[in-house]
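Just so you know, these numbers come straight off a predicted model, no measurement behind them. Atoms within a ligand are numbered from 1 in the order they appear, just like the ligands themselves.
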Amino acid sequence: MYCIISKGENLTDKKFYSLPDLPYAYNALEPFISEIQLKLHHDKHHAAYVNGANAILERLDKARQTGTDVDMKATLKELSFNVGGHTLHRLFWNNLAPAANKQPGGALADAIKNEFGSFDRLKKEFSQAATSVEGSGWAALAFCGQTYRPIIMQIEKHNVNVGPQERILMVLDVWEHAYYLDYKNERAKFVEAFWNIVNWDEVNKRLETIIK
Ligand code: MN
C-alpha cells in the first residue's frame, strides 16, 4: 500500500499510476474465473481506477499551476477511492494463479496456525468476511506490524475499514463486477472458487518480506 522510491530512481520518473498487465493469460484462471469476466474486470474496471486516480492528480497539478482551489474534501475522497481501487486490484491479480498450490507454506503456514489454529479456520473466517461485505468491497488478509498477528479485514468500497498500518497479504474482490458474469448473484460460489486459485507462494512472500 506504499509508494517507495528505489535507489537510482528519480523523483520525477513516476508521476502517474499505470495499469499493469496480468501476470497470466486472460483464460488462465478458468474454470474459476472465465476469460470474458477477467478481461472485462482488468481492462475496464481496473483501468477505470487508474484513469480516475491520474485525472485527480492532473486536476491537482493544474490547480497548483494556476493558483486555483479544488473542492478539497471531494477531491481527496475521490483520490482515496481510486488509488485504493488500483492498489487492491494490483494485489489481487498477483495473489491469484492458475493451478495454484492448495495450501499455504513457509512462514505463512506457521502464522496461520498460530493465529487461527488451522488453515480451515482461516478459510471459514475469510469466506464469512467475503460473503458478508455490505454492498461492494473486499476481504483482505493483512498483517499487523504492532502485534505481528495476521488479521482479516473487510474493506468496504476500496478504502473504508482499512487499518492504516496493516500490510495486505491477500485480497479477494467481491464487487459484483468481479463475478457477476460467471456466478450471477451467487457470491458465495465465487468465494468458494477463489480457494482454487490462490497464489500461496505470493502471499507467503509478502509476509516474509515484512517479517524478515
Ligand atoms: Mn474489481
- Message: Suppose the criterion is salt bridge (Lys or Arg N to Asp or Glu O under 4.0 Å): which pairs have a residue in residues 32-53, not counting sequence neighbours?
- Response: K39-D43
- Message: Looking at E202 and R206, is there a salt bridge between them, counting it only when a charged N and a carboxylate O are closer than 4.0 Å?
- Response: yes
- Message: Among residues at least two apart in sequence or on other chains, which ones pass side chain to side chain contact (heavy atoms under 4.5 Å, CB included) with L57?
- Response: F16, Y17, N54, L79
- Task: Test side chain to side chain donor-acceptor pair (under 3.5 Å) on W93 and H46 and set out the steps.
- Result: CA-CA 10 Å; W93 307 136; H46 184 173; 2.9 Å; yes
- Query: Heavy atoms, side chains only, cut-off 4.5 Å: are Y148 and F143 in contact?
  - Reply: yes
- Does any pair with a residue in residues 47-78 pass ring pair (Phe, Tyr, Trp, His ring centres under 6.0 Å), and if so which ones, sequence neighbours excluded? Y49-F81, Y49-H89, Y49-H158
- Excluding waters, how many protein N/O/S atoms sit closer than 2.8 Å to the Mn ion (ligand 1)? 4
